[in-house]
S.K.: 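I am attaching a structure below and will ask some questions about it afterwards.
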Amino acid sequence: MDCSPFWLLASFIRMIIDFQRFLASERPGWNELERMLVRLEAEPNARMTLEELQRFHELYERAAASLAKLTTFSFEPETRQYLESLIARAYGEIHETREKRRRIFPLRWFLQTLPQAFRRNIRAFYLSLAITLAGCAFGGFATAFDPDSRQVTMPFGHDQLRPSERVKQEETAAVDRLTGRKSTFSAFLMTHNIQVSIFTLALGMTWGVGTILMLFYNGIALGAISFDYVADGQAKFLMGWLMPHGVIEIPAILIAGQAGLLLALALVRAGKRARVGTRLRGVSRDVVTLSFGFGLLLVWAGLVEAFLSQYHEPVVPYDAKIAFGAIELVLLCLYLGKSGR
Amino acid sequence: MKASALVIKTPEGIVFSQTLAGPVTRLFAWFIDLMSIGIIVSALGTVLGELRVISVDVTAAVLTLGYFAISIGYGIFLEWAWRGQTIGKRLLSLRVVDAEGMRLQFDQIVTRNLLRSVDMLPAFYLVGGVVCWLSRKCQRLGDIAANTIVIRTPRVTEPDLDQLLAGKFNSLRQYPHLAARLRQRVSPGEASTALQALIRRDEFEPAARVELFEQLAGHFRAKVDFPPEATDGIADEQYIRNVVDVVYRRVSAAAERRESVAPGASPG
């Protein structure tokens, strides 16, 4: 092989000339690819024709080849950086296999997407339900065997008064204590419950430990209060008070737990057949669908709790409230179990 | 070991990298976002304040819901509309992207924003910050769940070399084979350092400026040995200008040949 100084000089000069030619011939293709990317990014719903797709793929491959060639020209950092960013953007468009989410149809989402996502992950829901029921049982037993535990098992306020005393107060109240602040109370309930539910979901990233604790704790409070009212002979009041909003609110929190447990299961099962990122990616869409679902349910529950649940006999008959709650529960079960099949 | 860049190898065998944003930069971006949320909420409060004459209760309820929707929806809406950026991220040139280089999905944006409630614990994103610090890809819990990363996207602009190099005669170009060798031997990092030194030359103290360019010139002189006629009488800073000119400026081969035979040109 000729390694004379003249040969080296000639090869260097050839390289410069080659580079100028290379830039002149490739730059129009890079510019075209960039224009296509800008259009794709600006219009996420746009669809390319087969010819456009083929052209896009060809331009991407040419740009990738250019980048490979450019690594031999170490003196061109800006061009290389530009090409790297171009290929990074095109790479995402070319190799993405997940379905592109097009326009959102709220009715279709409500009637199909949400109930289907719920049913697809029904085992996580059953697990969420079982944890809550275990908490209920624990709360009930704790109140039965150690009445002093009311101070720690019940939310503040409920431990201050016997159920029968509270029922008497509510039924003989001369004025509506929510007058002038029903909407504010309703908004507070919605935002508070949604925050708690999001927190329950997010704690799934603690390998589910946080989600399980939240569900169990909610179950304890529910079980303790329920046992307290039933033991004091106030079962009908309890059902009239809790059912109108509770049949929606409690399933909503269970769904938040279901979403949190999906995250946890993706973490726990990682490594068996897929990496953690792949597993989390697999459940991500359902987690988001379920989170919008529980948000929607909690908005309804907040309205019902402020405008109906807080009113008792003689203003609203208990039978009517219980019937209302029962109808809601049946509709919810039908919706989640049958809709979109 | 913690990586400062995410390197992705495509099936075509091409490798490209994305610079990861650190937790401190992200915290600053969050402060800006927090202030932005505060401004939006106070603007909402001012607008809704006018409705108090109609109903104080409804106004308070709308304000409560509005604050909640803005605090939750701010990140989701902006990251979706601006392809992974919020006001804070945009100002600090940060962007949320898919951790595997794919297209960022709406579900990923929602997931990473919903999980803020855990990352924020117990205060000031302590959990998120610690996880981010320990994570190889600098991800907080929300990023891990959503399979996203936050990268730095400094604006790549072509430097205004005509203004910087002031159109002076470059004695190094008289030797095209040595200029080509210089181009080949200078790495992108070295080229960028020389360029940055020239761009920011007026920010240095006079003594530091002299010392910096002396060191840089010594470094680049060792790369290629130009004949004394090309380098004698040139100040170190001018030598670096010439190097940057050779490395960055695209002069056509014909122009380079013309320059190399230019008669009576004094070195500069």
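Residue numbering restarts at 1 for every chain, and letters A, B, ... go by the order of the sequence lines.
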S.K.: Any residues in residues 205-214 of chain A near chain B, with a heavy-atom distance under 4.5 Å, and which are they?
M.R.: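 Under the 4.5 Å heavy-atom cut-off, A:Met205 qualify.
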S.K.: Could you name the residues of residues 120-128 of chain B that have a heavy atom within less than 4.5 Å of a heavy atom in chain A?
M.R.: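 The list, in residue order, reads B:Leu121.
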S.K.: Would you say A:Phe292 and B:Val110 make side-chain contact, with heavy atoms under 4.5 Å?
M.R.: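 The answer is yes, as the side chains (C-beta and beyond) meet within the 4.5 Å cut-off.
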S.K.: Might you point out which heavy atoms bring A:Ser183 and B:Asp57 nearest each other, and give the distance in Å?
M.R.: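 Nearest heavy atoms, A:Ser183 then B:Asp57: N-OD2, 2.9 Å.
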S.K.: Could you work out, with side chain to side chain contact (heavy atoms under 4.5 Å, CB included) as the rule, every residue matching A:Ile94, not counting sequence neighbours?
M.R.: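 Scan of A:Ile94 (side chain to side chain contact (heavy atoms under 4.5 Å, CB included), adjacent residues dropped) gives A:Phe56, A:His57, A:Tyr60.
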S.K.: What residue among A:Arg279, A:Arg275, A:Arg281 forms side chain to side chain contact (heavy atoms under 4.5 Å, CB included) with B:Asn147?
M.R.: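 It is A:Arg281; the other options fail the test.
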S.K.: For B:Ala21, enumerate each residue passing the side chain to side chain contact (heavy atoms under 4.5 Å, CB included) test, keeping only those at least two apart in sequence or located in another chain.
M.R.: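 B:Ala21: side chain to side chain contact (heavy atoms under 4.5 Å, CB included) contacts with B:Arg26, B:Leu94, B:Val150, B:Arg152.
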S.K.: Given a strict heavy-atom distance threshold of 4.5 Å, which part of B:Ile8 is in contact with chain A: side chain, backbone, both, or neither?
M.R.: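 Side chain of B:Ile8 only, per the 4.5 Å heavy-atom cut-off to chain A.
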S.K.: Distance from A:Met190 atom CE to B:Phe68 atom CZ, nearest 0.5 Å?
M.R.: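 So the CE of A:Met190 and the CZ of B:Phe68 are separated by 11.0 Å.
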S.K.: Only pairs of heavy atoms separated by less than 4.5 Å count here; which of A:Ser291, A:Ala88, A:Ser186, A:Gly204 has the most with chain B?
M.R.: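 Most pairs with chain B among the choices: A:Ala88.
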S.K.: Are A:Arg285 and B:Gln105 side-chain neighbours, meaning at least one heavy-atom pair lies under 4.5 Å?
M.R.: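 Side-chain contact under 4.5 Å: yes.
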S.K.: Within a strict 4.5 Å, meaning less than it, do heavy atoms of the B:Asp107 and A:Asp286 side chains meet?
M.R.: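 No, their side chains stay 4.5 Å or more apart.
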